Peer 1: 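Before we start, here is the structure in question, set down as structure tokens.
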2 protein chains.
Amino acid sequence: MTARAEADPGRPVGVRSTAQKRALAGVLARTTTFRSAQELHAALREEGQRMGLTTVYNQLRALADAGMVDVLQAEDGEALYRRCGTPSHHHHLLCRVCGRTVLVEGRTVERWAARIAAHEGFVDVAHTLEFTGTCGDCSRTAPGSSVGG
Amino acid sequence: MTARAEADPGRPVGVRSTAQKRALAGVLARTTTFRSAQELHAALREEGQRMGLTTVYNQLRALADAGMVDVLQAEDGEALYRRCGTPSHHHHLLCRVCGRTVLVEGRTVERWAARIAAHEGFVDVAHTLEFTGTCGDCSRTAPGSSVGG
DNA sequence: GTAATTGCAAAGGATTTGCTCTGGT
DNA sequence: ACCAGAGCAAATCCTTTGCAATTAC
């Protein structure tokens, strides 16, 4: 999905403030890379937080719905989350080795999508666009993978 | 994924010809829409073929690796397959109601991806781009879903 | 006090793996 | 005969659901 439900960023999700919500928000605030629900859960546990996996999933979904975190699908299908810094719609270039991400502003696809939709008579068109590659640091460090052939 | 392993289309995958491979090839040949491994398996079973789910997955993966079928991820994460008609890299606009797909030639993204990769110092950059919407027929038939708000 | 939240346990669903039997060549 | 390939059963993995205990307000 692309542009989704909008919400006022900065306002807590849900009606009550709990230690779990705060803890998760804390980890997300301190993290700059995309992390899976499982990783976040593990991280929370490591720092001594009492936190259930279910709650992590619940919270993450709520945060995603509220537009407060970005969600992307890793190549293996796992969902990765990160706090959303840019409110506008955008995409990411993800390093498959170190997980580093670069923001990619995507005015181009947006327009393209709209044009195609109109041309084909489709409505409610959403798009998924993700880039995965090996960043400069990692391609120098890690061997292997070059262009096929 | 973008450019993948290349193979000679038209040549059977694997060394031996089996009834299962032929049956799967048959269904794929007769189908114009993307279908999940599970659906293909069910279809094969219905027409009386003796076919195991495992085999469907194995074959599908082999065919995908050989570039003989297109694979795309549905919104719910399920993988969908269809025989590949166009050898060149392309994308799809998928109707989330009836499953109809429209081919989208994507020279644009290709170039864009290359430019971004170069600019950010990434190598081996692949991309995933999918469009989902409701096609004209379905938006007329099925109610609901209009632009959010 | 009351309902939102938490989170364990179990379910669910796609895909893979272990391993043995079958069948193509 | 020999090994690629078929396929059942069980295992994985991520994610969701049921539901009772907890706790913010």
Side-chain angles (χ1 to χ4, degrees), chain A residues 1 7 11-27 34-66 68-69 71-82 99 128 130, chain B residues 1 7 11-28 34-66 68-82 99 128 130:
Chain A
M1 265 145 237
R11 184 197 308 189
V13 172
V15 286
R16 294 179 190 178
S17 169
T18 67
Q20 286 82 349
K21 287 183 188 174
R22 267 172 269 128
L24 179 55
V27 181
F34 277 82
R35 311 181 63 180
S36 68
Q38 316 264 353
E39 286 174 340
L40 289 168
H41 177 235
L44 252 4
R45 279 299 180 83
E46 273 176 43
E47 53 179 69
Q49 290 295 333
R50 186 170 172 284
M51 188 82 163
L53 223 202
T54 308
T55 303
V56 176
Y57 275 109
N58 280 340
Q59 255 348 277
L60 249 19
R61 179 158 34 157
L63 289 167
D65 284 349
M68 299 177 71
V69 298
V71 190
L72 66 77
Q73 298 290 124
E75 291 185 308
D76 68 339
E78 193 177 26
L80 303 178
Y81 306 80
R82 196 189 63 165
T128 323
E130 275 155 38
Chain B
M1 253 115 275
R11 183 198 307 191
V13 173
V15 286
R16 294 178 190 178
S17 169
T18 66
Q20 287 79 350
K21 287 183 187 175
R22 268 173 270 127
L24 179 55
V27 180
L28 287 172
F34 278 82
R35 309 181 64 181
S36 68
Q38 314 266 353
E39 284 174 342
L40 290 167
H41 176 236
L44 252 3
R45 280 298 181 82
E46 272 176 43
E47 52 178 69
Q49 291 295 333
R50 187 173 172 284
M51 188 80 163
L53 223 201
T54 307
T55 303
V56 176
Y57 275 108
N58 281 340
Q59 255 347 278
L60 248 19
R61 180 157 37 159
L63 289 167
D65 284 348
M68 299 176 72
V69 297
D70 281 339
V71 191
L72 66 78
Q73 297 290 121
E75 291 186 307
D76 68 340
E78 194 177 26
L80 302 178
Y81 307 81
R82 196 188 63 166
T128 324
E130 275 155 39

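Bear in mind that the values here come from a model prediction, so they are computed numbers and not experimental data.
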Peer 1: For A:Asn58 and for A:Arg50, find the nucleotide of DNA chain D with the closest heavy atom, then tell me which residue's nucleotide is more 5'.
Peer 2: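 On the 5' side of the pair lies A:Asn58.
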Peer 1: Any base atoms under 4.0 Å from B:Thr55, or only sugar-phosphate, or nothing? Heavy atoms, all strands.
Peer 2: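 B:Thr55: base contact, heavy atoms under 4.0 Å.
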Peer 1: At 4.0 Å (heavy atoms only), tell me whether A:Gln73 reaches a base, stays on the sugar-phosphate, or touches nothing.
Peer 2: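 Contact class for A:Gln73: none.
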Peer 1: Of the nucleotides C:dG7, D:dT15, D:dA6, which one has an atom closest to the side chain of B:Lys21?
Peer 2: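 Among C:dG7, D:dT15, D:dA6, the one nearest the side chain of B:Lys21 is D:dA6.
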Peer 1: Would you check if the side chain of A:Lys21 reaches a backbone N or O of A:Gln59 as a donor-acceptor pair within less than 3.5 Å?
Peer 2: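 Side chain of A:Lys21 to backbone of A:Gln59, a donor-acceptor pair under 3.5 Å: no, none is there.
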Peer 1: Between B:Tyr81 and B:Thr18, who's closer to the 5' end of DNA chain C by nearest nucleotide?
Peer 2: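 This one resolves to B:Tyr81.
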Peer 1: If you go through the side-chain atoms of A:Thr54, does one of them form a donor-acceptor pair with the base of C:dC8 closer than 3.5 Å?
Peer 2: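 In this structure, the two groups form a donor-acceptor pair.
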Peer 1: Scan B:Ala19 against the nucleic acid and name what it touches under 4.0 Å (heavy atoms): base, sugar-phosphate only, or nothing.
Peer 2: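 Answer is nothing: B:Ala19 stays at 4.0 Å or more from every strand.
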Peer 1: Can you measure from CD (B:Glu75) to CD (A:Gln73) and round to the nearest 0.5 angstrom?
Peer 2: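 One finds 10.5 Å between CD of B:Glu75 and CD of A:Gln73.
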Peer 1: Roughly how far apart are A:Gln20 CD and A:Gln49 CD, rounded to 0.5 Å?
Peer 2: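 Atom-to-atom, A:Gln20:CD and A:Gln49:CD are 7.5 Å apart.
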Peer 1: Of the nucleotides D:dC25, C:dT17, D:dT15, which has the atom closest to the A:Tyr57 side chain?
Peer 2: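 Of D:dC25, C:dT17, D:dT15, D:dT15 is nearest to the side chain of A:Tyr57.
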Peer 1: Can you tell me how far P of D:dT15 sits from CG of A:Leu80, to the nearest Å?
Peer 2: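 My rounded result for the distance is 8 Å.
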Peer 1: Please determine whether any donor N or O and acceptor N or O are separated by less than 3.5 Å between the side chain of A:Arg16 and the base of C:dA3.
Peer 2: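 Pair found.
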Peer 1: Quick one: pull up CG in A:Leu72 and CD in A:Glu130 and give me the separation to the nearest 0.5 Å.
Peer 2: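 These two atoms lie 4.5 Å from each other.
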Peer 1: Rounded to the nearest angstrom, tell me the gap between atom CD in B:Gln38 and atom P in C:dG12.
Peer 2: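 So the CD-P distance, B:Gln38 to C:dG12, works out to 15 Å.
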Peer 1: How many whole angstroms separate atom CE of B:Met51 from atom C1' of C:dT22?
Peer 2: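 Distance, rounded to whole Å: 15 Å.
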Peer 1: To the nearest Å, how far apart are A:His41 NE2 and D:dC13 P?
Peer 2: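 Atom NE2 in A:His41 sits about 17 Å away from atom P in D:dC13.
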Peer 1: Across the strands shown, which category fits B:Gln59 at heavy-atom distances under 4.0 angstrom: base, sugar-phosphate, nothing?
Peer 2: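 If one applies the 4.0 Å heavy-atom cut-off, B:Gln59 turns out to touch the sugar-phosphate alone, with no base involved.
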Peer 1: With heavy atoms under 4.0 Å as the rule, sort B:Ser17 into base, sugar-phosphate or nothing.
Peer 2: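 The residue B:Ser17 makes sugar-phosphate contact but no base contact.
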Peer 1: Return the value, rounded to whole Å, for the distance between atom CD of A:Gln20 and atom C1' of C:dG7.
Peer 2: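 Rounded to the whole Å, the gap is 9 Å.
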Peer 1: Nearest-Å distance, CD (A:Glu39) to P (D:dT15)?
Peer 2: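 These atoms are roughly 11 Å apart.
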Peer 1: Under 4.0 Å, counting only non-hydrogen atoms across every strand here, what does B:Arg45 touch: a base, just sugar-phosphate, or nothing?
Peer 2: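 Sugar-phosphate contact only.
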Peer 1: To the nearest Å, how far apart are A:Glu78 CD and D:dC13 P?
Peer 2: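 The answer, rounded to whole Å, is 11 Å.
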Peer 1: Report the distance from atom CG of A:Leu53 to atom CD of A:Gln38, rounding to the nearest 0.5 Å.
Peer 2: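 So the gap between those two atoms works out to 5.0 Å.
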Peer 1: Round to the nearest Å and state the distance from B:Arg35 atom CZ to C:dA14 atom P.
Peer 2: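 In whole Å, C:dA14 P lies 15 Å from B:Arg35 CZ.
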